[in-house]
Amino acid sequence: MFGRGTANLFNELPALNGLDAATARRMLSTAYLDIVAARTAGERRSGPEREQVSDYLRRLASAVESYAVFDSLHGMETRDGAAFVAAEALALVAETTTLPDPTDVDPMEIGHRIVERTALLVEASLLYLIAGFEPNGATLLSQELGALPAAARQNADLEYMDWALTGLVALSRLDVQADGVAAPAEPSELLQLNLASGVRAALLQRLGAAVFHYLGWLRGDSDDGAGRARAELSSVTRAIAAQKADQHADIFHLARMADAAVAATSPRAVRGIPAPNEDSEAHYRAYLLGRARGTARTRGRPVLWPAARAYVVGCLPGPHSHAVVSVPTGAGKSFLAEIAVSQGLATGWALYLVPTNALANQVRHDLERAFESLDGTQVRAFLGGDEYTTLSEEHAAQVPVGTAVVMTPEKCALALRLAPEAFSNCRVCVFDECHLLADGTRGVLAELVVSHILTLAQDCRFLLMSAMMSNPEDIKAWIKSASGSAAVVIRRPWRPTRTMRGVVGVDGPQAEEAGQAAWTSLVHPARPRRGRPRRRMPFDAAHVVVANLQGPWSQTEDVEYALVRLPTSTQLAVRRADTGQAQLDRSGWINGTSAALTAYLATRGFSVLAFLPSNPHHCFSVAREVALPDELVAIRPQHELVSALMTIAEDELGVASALRELLDRRLSVHTAALLDAEKIASEVAFQSGMSLAMFATGTLAQGLNLPASVVVIGGTAVGDRREANTPEGRRRTRSQLLNALGRAGRAGFANHGLALVVTDQPMFFQLPPDTQAARQEAAFLVEEDDSTVVDSRLQTFVEAVLGGRLDIDTASAEELVALSYLPFEPIGEISAEHILRRSYALHRRELTRDEDAARAAAELVRVGQEYVERVAAPEWITTVAYKTGLPFLLCLRVNQALERVRPNVARRPSTVGGWRSLFFKKMALLPPQRAREVLGKEVKSSQIEVLWNPNIAGDNPQWVPPPTWVAAWEALERIVSLYMDGEPLAVLARTLFAIPPDAPVDSERTSGARPIPRTIRFVNKLLERLSRLAGALVAIDEVAPIAPAGEALPPPIDASLSYLPLALRYGCTSRDELAWFRFGLRFRRPAHILARMFPVPHEVIEDAEVQSWVRQQRASWLRQHDPELPADPGEDPSLAAARAVLTSRA
Amino acid sequence: MAGCETLEDLLGEALTTLEHELTVQITEVASHVVTTIGGLEADSAVCAFATYALVAGIGQAVRMNLAIAAEMLGGGPQFADALRRDVEQIIGRSNAITNDFREDQRDPWFTECLGHLLLNLSRSVGGLGPPGPVQALTLVHTDVRDHGMDLVGLHLEQALLALNVAEAKASENHASNHSGATARLFAEVDAGTRDKEIRGKVQVLREALPAERQALVSPAFWHGQRAYVAVISYGQVSTFAPTKRRPTYAALAVGADRVRLLAVPLSDYRQFFDTLADRVRALVPVVAALVGGS
């Protein structure tokens, strides 16, 4: 249950006879397992008796709390480890307490029990604060605390304690928005009635005042609140201690704890972050206090978590140093990045790189909200792919000071090529999930992007962050050496949640017995059977969970594992083999077990994230098998945003969404076979509790904030089994599975999480369980989350270049990316040599770095020139390749095809549709080998399957395509036109897959062969690839304008070609549709409707002007509709839904 | 009493008297250790106990609270007024009180005082307390209906600090039931229900320890050594048999040697407490005068 960070805290425990760190971890884990067992009606079958565990926990809690808080006789220094262990132990003890049943006892008794229980929870929460785990304190106190009955309020002591606890609860939650309420009575008046009660009231009043002084200080109400709070608390404890007044021991105890909590948290107050420079002090302070307070839309962040604190200490103000941050999921990377960005905005702009567009969108929204109180800032996200376009709003052509720009490395690569000058003023570059550098597919480009920025932006400070990276020191050394600036490593394994790792197997003895009985009834049926004898007999195999009681499964001793029997089971079968022998039929083990566990745990109140990494379509089929109880489904909360998104999704699909039925049953699904609107609907439903479980593919684990209290990993094979045993396949598998494990535990909801791995083959566990076999089956369980070595993917390329082995004709995909990215000729002052010199790959060759960079660049020029000469390419084709990032030879072939089309073009097209037509004509002439490079994986459609016919091959630029080939490209153009014209996907599917007009379009997603998943893949994959190639058309047009001989070039206002790449990708036919999609709302069909309703005026020409016009028009459209009034019945439902989505995100 | 100039003198004199007057008889049974206390009804013992009850049971708490009130609020009532009011609230203005008050408030409170006294005396008289010298002890409750444990103390056992918890009960004719109630409270301590309260009490008791003993507090929580002391006053003619094996005590986790029953049989149960109350009331002006009030 304890990762490296928390496990180490146990090593700080005091030296007490018989207390050792390993046993303490084991006992705490066992206690958690007992709680899980109780909640699931399961039964722990190994390890110490529950009473023993409970006794150990209690002694541990009291002893280490005493050590952490009360043994510090000289001041209030705390001992983090002891406080953490005490908090964990007390919290687990507190989890077994419940609110009193109001029908059981008298109101006074209820009052006492409520106060005692709240005080216990406050005690544990304050310990978490002292230990630096304040999110856990808030989580612990997020449960129902109960209210004092009116009759109990007649007791002045009880009422006063209840009042003081309200303040302490606010302190424990660090709820800076809480305002103090008046004390129940004046202590001096009480004093006249009862001396002791009056004194208690006076002590509690001072304690309560101290709490609100401190909370007020955190939110900026005063500058001396923390000092005053400590002075007040000290006066309380001093007065009681001086008199040894044990009558008020409870107050003494709480006041000492509160004082220790204030002492521990105040140095981490957000308000203490230094301003980036003197000029910005006032408005930066306003931002910090705004963030500390939070708003209705953002959570208050009054104190820094450890990684952010380390960043502030090590890198601010400025930032003056680079930082490489390796912290677990959920450790506060986002806020750390926000602080870095906020600092950089004072003197320049900030770049925020994220791995996906979905994350870019999420980060954009988060930053917009965060910077509401930071005057003069602007947040922009450049979404989409890396298709080349000259539209100014698609890349960072000019970035004003105070702007935060969010995008993927691919989009950034484009921006670096298009407008490198914009980066000179980039002050901060955040690279989230920077282990992408080691990705087999995207790593080369990511490294080149970082190297390029290091080259262009001398004053830029990097913040590279990952939860997976095992070698941050290497990355630090690279950045430091490449930039010549200081760099720090922040490696804090701190995490606000703990995850217990378990393997799900079957109860060996039970399964043996059940299997034997099934075999007996198969071979000796009770009743004779007509016809062929049965060959298969099912039986239920009960589930057991074997969990490690330390953390990762690195121990081999039996004592470090516990076995819990669950009340769930999977149906296995015995089969009569051809030899007549019994054979176990394990089919359905992974999915059946995943479905059964997910359904059961969701029913028992856990939020369950089930990863099914082997096949994305299993998510739908397994979700289908899950039936939550009717009573849970009946109380499904409604969510307006989910409804609106599903309306948009179904309008886009043109058929009912298979997701809707699942959402209605309180289940979410997240796979690549979903539209964006469906993905967001699924996420929102799960985050809001509308869905109790989510089924997802392994890729979900990247970045999105969807933690759960239980993670079920259904199978340990990830993706394509053919790649499973390649180094890259193993790296990806381990990375995805570890990332999935990290999703268990949910700050604010559950401090502890459970990750259950369903192995590919069922394991038959006995006592003691064979954990060695489990470790072999799921080797990643042994590793810590941050086990990914981030190495250089560019290195192979560099070595090939330096070794004279680079051959453009046979270059790998990674080499082609590098070749396209690095300019053969200097662009401005930047050459390939500059970029390479700052690369991670060359950093590895430190001694010869500069020399190697020069040699590599020269070799690249030589190879490039030789190649250009050999293939007789125009020199400018290298520029096209550089701009588009496309392989050189592909650009050449595109241009050669274009040359063949050019004589047949009557005049230069002036509409998007015209350029599309020209594009497809050119595509039909592209040699088959290059065409397939563009098309990628085959689309199984009779209309276009000939495009993947291996019998049509070759790379001859002058080839004469057969009629079937030309017809296929024409068919593809028709289908693409439907998409660009705004037809629903079902219409595309009908054409793509020749579905008869009278037959319905199957809306199922349970298999990748179904029409809707195939169409979504077609749109997402094929159109993306075509749009990148359309970018080549744009780039060629820039250097060698496309027009019939003698025709005058159109005036500059004709930007129709520049729209083509995005129009293809996003499904738009006109500038207006595209404008509404890009700047209005990123839903295709509503964008088409709005473009018809609100066409962009002709006089609005420049891309920035178009953006501004659409945004104003959108605001005006949203204002026209008063949400209080009934909806217009004549309005298109998708438009109403789009409005609801926009409004909800405003 | 004559010649006493301070409360400490008065208390010292009372303790000396009681140390001489009280008799102790120890009996070990399977489930617990019984100490039967005699001699308490002697007139000098009643007087001395009344002094102890007023000074250690009420006066000490009043002085302590007044000192805190002065620091927190800048002042409070006069000591004499506060003492008189607390005495009246705890034992009544006279013996003309209801049976409920007598049985649920006054007599149990005196028994709690008695428990405090006996644990104090245990430093010099064997068999009156836990298996080791008491180092610190909480004060007597001024509200006997308080939900908390009656007394919490720390004692030394083989150089380690250990916890002792005392629970006092008074019943002329139903002491057996009340011994069951003490066992229930001790079982709550075993089960951890009282942990929070114990943590709080012990951390204040720590303040009364010398520095070298304070360092033993955290380890005391860890090794969890503890003893239970039941103090039961009852009518001598009742059927209560303190030396009978008690399954509820036997079920406690600490072992028979650590469950102590201080049995206080009274030949004239009602008269003893009435006389005691009268003596306490009569002592109020004396004590007030010693402190400086009127």
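Chain naming here is simple, since letters A, B, ... match the order of the sequence lines and numbering starts at 1 in each.
For CZ of B/R93, the number of neighbouring non-hydrogen atoms (other residues, nucleotides, ligands) closer than 6.0 Å is 12 at most. Surrounding CD of B/E212 are more than 12 heavy atoms belonging to other residues, nucleotides or ligands, all under 6.0 Å away. The local environment of CG in A/D101 is crowded, with over 12 non-hydrogen atoms from other residues, nucleotides or ligands closer than 6.0 Å.
Once rounded to the nearest 0.5 Å, the distance linking CZ of A/R206 with CE of B/M72 reads 4.0 Å. Taken from CG in B/D190 to CG in A/D55, the straight-line distance is 8.5 Å, to the nearest 0.5 Å. Atom OG1 of residue B/T142 and atom CG of residue A/N194 lie 7.0 Å apart, to the nearest 0.5 angstrom. A/R59 CZ to B/Q225 CD: the interatomic distance, rounded to the nearest 0.5 Å, is 10.5 Å. With values rounded to the nearest 0.5 angstrom, A/L16 atom CG is found 9.5 Å from B/H223 atom NE2. Between A/R200 atom CZ and B/I68 atom CD1 the span is 10.0 Å, to the nearest 0.5 Å.
Salt bridge status for A/D71 with B/R206: present, with a side-chain N to carboxylate O gap under 4.0 Å.
Here the side chains of B/Q203 and A/V69 are not in contact, with every heavy-atom distance at 4.5 Å or above. Residues A/H248 and B/N65 are in side-chain contact: their nearest non-hydrogen atoms beyond the backbone lie under 4.5 Å apart. Using a 4.5 Å heavy-atom threshold, the side chains of B/P77 and A/L195 count as touching.
Scanning all heavy atoms of the two residues, the minimum distance from A/L193 to B/Q89 falls at O-NE2, 3.5 Å. Residue B/R199 comes nearest to A/L120 through the heavy atom pair NH2-CD1, 3.6 Å, listed as atom of the first residue, atom of the second, then distance. Taking each heavy atom of A/F252 and B/V204 in turn, the nearest pair found is CD2-CG2, 3.5 Å. What you find for A/S235 and B/E71 is that their closest heavy atoms are O-OE2, 4.3 Å. For the residue pair A/A249 and B/G200, the shortest heavy atom distance occurs at CB-O, 3.4 Å. B/G192 approaches A/R58 most closely through the heavy-atom pair CA-NE, 3.1 Å.
Proximity to chain A is limited to the side chain of B/R85, based on heavy atoms less than 4.5 angstrom apart. Heavy-atom distances place the backbone of B/A191, and not its side chain, under 4.5 Å from chain A. Contacts between A/A242 and chain B at a heavy-atom distance below 4.5 Å are absent for every atom of the residue. Using a 4.5 Å cut-off between heavy atoms, B/V202 does not touch chain A at all. Contacts between A/L57 and chain B at a heavy-atom distance below 4.5 Å are absent for every atom of the residue.
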Is there a side-chain contact (heavy atoms from CB on, under 4.5 Å) between B/K196 and A/H253? Walk through the geometry before answering. CA-CA 9 Å; B/K196 176 155 182 30; A/H253 193 242; 3.6 Å; yes
Determine, step by step, whether A/E65 and B/F221 satisfy the side-chain contact (heavy atoms from CB on, under 4.5 Å) criterion, reporting the C-alpha distance in whole Å, the side-chain angles of both residues, the deciding distance to 0.1 Å, and the verdict. CA-CA 10 Å; A/E65 175 195 286; B/F221 283 117; over 6 Å; no
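For A/R25, there are no salt bridge (Lys or Arg N to Asp or Glu O under 4.0 Å) partners at least two apart in sequence or on another chain. With sequence neighbours excluded, no residue satisfies salt bridge (Lys or Arg N to Asp or Glu O under 4.0 Å) with B/D9.
With chain A as partner, the option from B/I198, B/V217, B/D86, B/V62 having the largest number of non-hydrogen pairs under 4.5 angstrom is B/V62. Note on A/L60, A/L19, A/T97: by heavy-atom pairs under 4.5 Å with chain B, the leading option is A/L19. Of the listed residues (A/Q205, A/K244, A/R238, A/E116), the one with the most heavy-atom contacts under 4.5 Å to chain B is A/K244. Most heavy-atom pairs under 4.5 Å with chain B: of the set A/S188, A/A202, A/P14, this distinction falls to A/A202. Heavy-atom pairs under 4.5 Å with chain A peak, among B/G74, B/A82, B/A208, B/G224, at B/A208.
Judged by distance alone, the side chain of A/D246 and the main-chain N or O of B/L139 form a donor-acceptor pair under 3.5 Å.
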